[in-house]
Amino acid sequence: MDKFLIRGGNPLKGTVSISGAKNSALPCMAAALLTPETVILHNLPYARDIITQRRLLEDLGATVLTPELRTHKINASHVEVFEAPYELVKTMRASVLALGPLLARFGKAKVSLPGGCAIGTRPIDLHLAGFEKLGAEIRLEAGNVVARAPQSGRLIGTEIRFEKVTVTGTENLIMAASLAKGKTILHNAAREPEVIDLCELLNRMGARVRGAGTETIEIEGVQALGGAEHTIIPDRIETGTFIVAAAITGGELEIKDCRPEHLQSVIDKLTEVGVEIEEVNSSTLAARKRKPLRSCELNTAPYPEFPTDMQAQYMALMTQSEGRSVIAETVFENRFMHASELQRMGARITLDGHHAMVDGPTPLAGAPVLASDLRASASLVLAGLVADGESIIHRVYHIDRGYERIEAKLRAVGADIERLRESVTGTLEQVPGDVAVA
Ligand code: UD1
């Protein structure tokens with residue numbers, strides 16, 4: 001298993017380019033299952049989850065060509081299998097995104113029920129309730145969800161109100177409804193930029209989706225969808241992570257190929273704590289720290305509020321800010337696993353249910369720490385960059401799931417970070433960043 005060795009203390013300086021959004025790429029790849037024609041996706045991040053999703057598509061019978069590293073040509077004209085097995089779902093929950101497209105196009109699908117995961121139980125009951133409202137029959141069999149369309153073979157448009165905002169739930173139902181008979185209206189839908197990106201792709205494929213980006217989405221079902229070409233939006237969470245990296249190290253980064261309007265709440269909050277963020281142009285931000293940072297309260301909530309996927313990185317920053325910050329995690333239960341690892345580096349954090357109190361500033365000291373999930377590992381890397389001495393981050397496969405070559409990007413702007421891999425003889429060897437997820 002790979003580890004990162006970080007020697008903290010270097011202020012980051014230079015330019016970093018943002019990759020495509022993993023959370024947009026995953027549903028867009030699943031959407032290719034909706035058509036027998038070819039879907040071409042550009043700007044996919046070179047991250048582990050994308051490779052997993054590609055494997056799922058191939059296991060189902062689709063062909064995936066990669067004329068370039070970040071471009072996939074997906075053709076699902078021959079789908080022979082209708083199942084996302086446990087082995088895949090357990091490593092990547094987003095494989096449940098195959099359910100909507102398979103059910104809509106082939107009238108049947110089987111997906112292993114995701115179990116508990118590091119950041120809470122994360123059920124898919126809202127996806128399933130929505131499919132049932134579209135006329136599907138849902139059964140649970142030996143840990144699998146088995147879904148079947150009504151006898152006609154086609155789902156039937158309806159009105160669905162989500163009890164709670166769910167990002168992949170919204171995406172799954174939009175995809176399912178795009179081939180249903182008649183109109184579907186989704187209320188309390190997720191408004192994330194990734195949902196809008198998926199809908200743009202679907203509309204290019206011939207779907208009739210309106211209202212993406214608002215809480216009411218209308219989908220007029222069509223008989224069939226066709227091929228399309230689409231470029232994935234930049235990753236707003238990676239962008240936010242690099243803004244924090246500039247601030248926490250007292251450095252200055254130019255962050256290009258991003259979409260500042262997708263992370264307004266993050267920019268607002270980080271500006272409030274004292275990070276200087278300048279919108280250089282519509283795809284470039286400059287971030288720097290010129291004065292001491294101050295602590296600020298934070299609540300995570302669905303878009304357009306502050307994303308839960310930036311909470312761990314924000315917590316790392318608050319360890320270096322003056323005063324007490326109270327962080328309320330309202331989206332996921334149990335998403336403070338990074339807190340105890342940050343404490344091991346010297347952070348002063350108290351947990352109380354879904355609140356974390358962070359007192360700063362505290363000098364951090366390098367330590368061996370364990371990454372528990374994707375964004376938690378990002379916060380440990382950030383802490384390692386400012387800590388005194390050496391930190392070893394174990395289980396960086398979590399970070400490889402969603403960040404494209406983070407250590408190579410950080411090294412290019414001055415961080416002292418290496419990827420180490422245990423050899424067969426048990427010694428640790430350095431691994432170049434560009435082969436990290438190959
Ligand atoms: C997506 C993102 C993830 C992000 C999260 C919240 C992808 C691939 N992943 O995950 O990075 O952290 O949104 O912004 O896009 N819930 C239910 N029942 C359901 C579905 C969800 O109770 O059927 C709950 C969850 O447990 C959670 C909340 O709703 O408490 C939001 O989850 P959801 O938006 O569905 O997260 P994901 O789509 O899994």
Side-chain angles (χ1 to χ4, degrees), residues 20-31 44-45 47-50 52-53 56 84 88-89 91-100 111 113-133 138 145 147 160-176 186 188-198 215 232-233 235-238 240-241 262-263 265-266 299-314 328-337 354 373-379 398-399 401-403:
K22 166 189 86 84
N23 285 355
S24 176
L26 294 173
C28 287
M29 291 170 79
L44 296 163
R48 171 67 63 194
D49 273 6
I50 303 305
T52 308
Q53 190 76 331
L56 170 62
L88 281 178
V89 181
T91 60
M92 190 185 67
R93 251 188 118 263
S95 17
V96 299
L97 285 165
L99 197 48
V111 171
L113 200 57
C117 79
I119 59 173
T121 45
R122 294 180 85 176
I124 55 162
D125 55 321
L126 302 173
H127 304 227
L128 301 183
F131 294 137
E132 273 180 337
K133 281 211 85 178
I138 309 280
V145 174
I160 295 166
R161 179 171 294 280
F162 290 104
E163 262 168 50
K164 200 172 178 183
V165 177
T166 160
V167 178
T168 48
T170 301
E171 292 163 347
N172 231 341
L173 283 155
I174 293 171
M175 290 192 280
L186 303 179
N188 199 24
R191 291 180 279 166
E192 270 66 2
E194 294 76 18
V195 175
I196 303 178
D197 204 31
L198 168 69
E215 52 190 36
I232 301 294
I233 55 169
D235 196 310
R236 64 196 163 99
I237 305 301
E238 189 193 20
T241 304
H262 287 166
L263 64 154
S265 60
V266 173
N299 287 325
T300 64
Y303 194 85
E305 304 302 326
F306 193 96
T308 170
D309 284 352
M310 274 298 298
Q311 177 258 109
Q313 301 88 316
Y314 183 81
E329 171 56 62
T330 71
V331 179
F332 289 113
E333 51 181 289
N334 201 12
R335 201 175 196 181
F336 285 139
M337 311 255 285
H354 64 270
D373 70 65
L374 171 54
R375 307 303 168 182
S377 24
S379 79
H398 286 296
I399 208 163
R401 288 188 45 200
Y403 287 86

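All ligand and atom numbering here is 1-based and tracks the order in the structure. Heavy-atom basis, side chains included; hydrogens, waters and symmetry copies ignored.
- Residue Thr168 holds its OG1 atom at 8.5 Å from CD1 of Ile124, rounded to the nearest 0.5 Å.
- Under 4.0 Å is where a charged nitrogen must lie from a carboxylate oxygen, and between Glu194 and Arg236 at least one such pair does.
- The shortest N or O to N or O distance between Val167 and ligand 1 is under 3.5 Å.
- The CG atom of Leu44 sits 6.0 Å away from atom CE of Met29, with the distance rounded to the nearest 0.5 Å.
- Side-chain contact annotation: His398 with Asp373, donor-acceptor N/O pair under 3.5 Å absent.
- For the ligand labelled ligand 1, residue Val165 lies inside the 4.0 Å heavy-atom shell.
- In this structure, CZ in Phe306 is found 10.5 Å from CG in Asn299, a value given to the nearest 0.5 Å.
- Salt bridge status for Arg335 with Asp309: present, with a side-chain N to carboxylate O gap under 4.0 Å.
- The shortest N or O to N or O distance between Lys22 and ligand 1 is not below 3.5 Å.
- Interface atoms of ligand 1 facing Arg335, defined by a heavy-atom separation under 4.0 Å, are 12 (O).
- Residue Met310 places no heavy atom under 4.0 Å from ligand 1.
- Contact analysis leaves Glu194 out of contact with ligand 1, as no non-hydrogen atom separation drops below 4.0 angstrom.
- Rounding to the nearest 0.5 angstrom, the gap separating the CZ atom in Arg375 from the CZ atom in Phe332 is 11.0 Å.
- When Leu198, Asp49, Thr308, Thr166 are checked for heavy-atom proximity to atom 14 (O) of ligand 1, Thr308 turns out nearest.
- Residue contacts with ligand 1 for Gln53 are absent, since no atom lies close enough (heavy atoms, distance under 4.0 Å).
- For the residues Val96, Thr168, Asp309, the heavy atom positioned nearest atom 4 (C) of ligand 1 is part of Asp309.
- Not a single N or O atom of Gly169, backbone or side chain, sits closer than 3.5 Å to an N or O atom of ligand 1.
- For ligand 1, the polar-atom distance check finds no N/O of Leu26 at less than 3.5 Å from any of the ligand's N/O atoms.
- We find the NZ-OH distance between Lys22 and Tyr403 to be 10.0 Å, quoted to the nearest 0.5 Å.
- Close contacts of ligand 1 with Arg93, meaning ligand atoms under 4.0 Å from a residue heavy atom, involve 39 (O).
- Near Val331, the atoms of ligand 1 lying under 4.0 angstrom from a non-hydrogen atom of the residue are 27 (C), 28 (C), 30 (O), 31 (C).
- In summary, the atoms of ligand 1 found under 4.0 Å from a heavy atom of His127, numbered by their order in the structure, are 23 (O).
- Taken from CD1 in Ile50 to CD1 in Ile232, the straight-line distance is 8.0 Å, to the nearest 0.5 Å.
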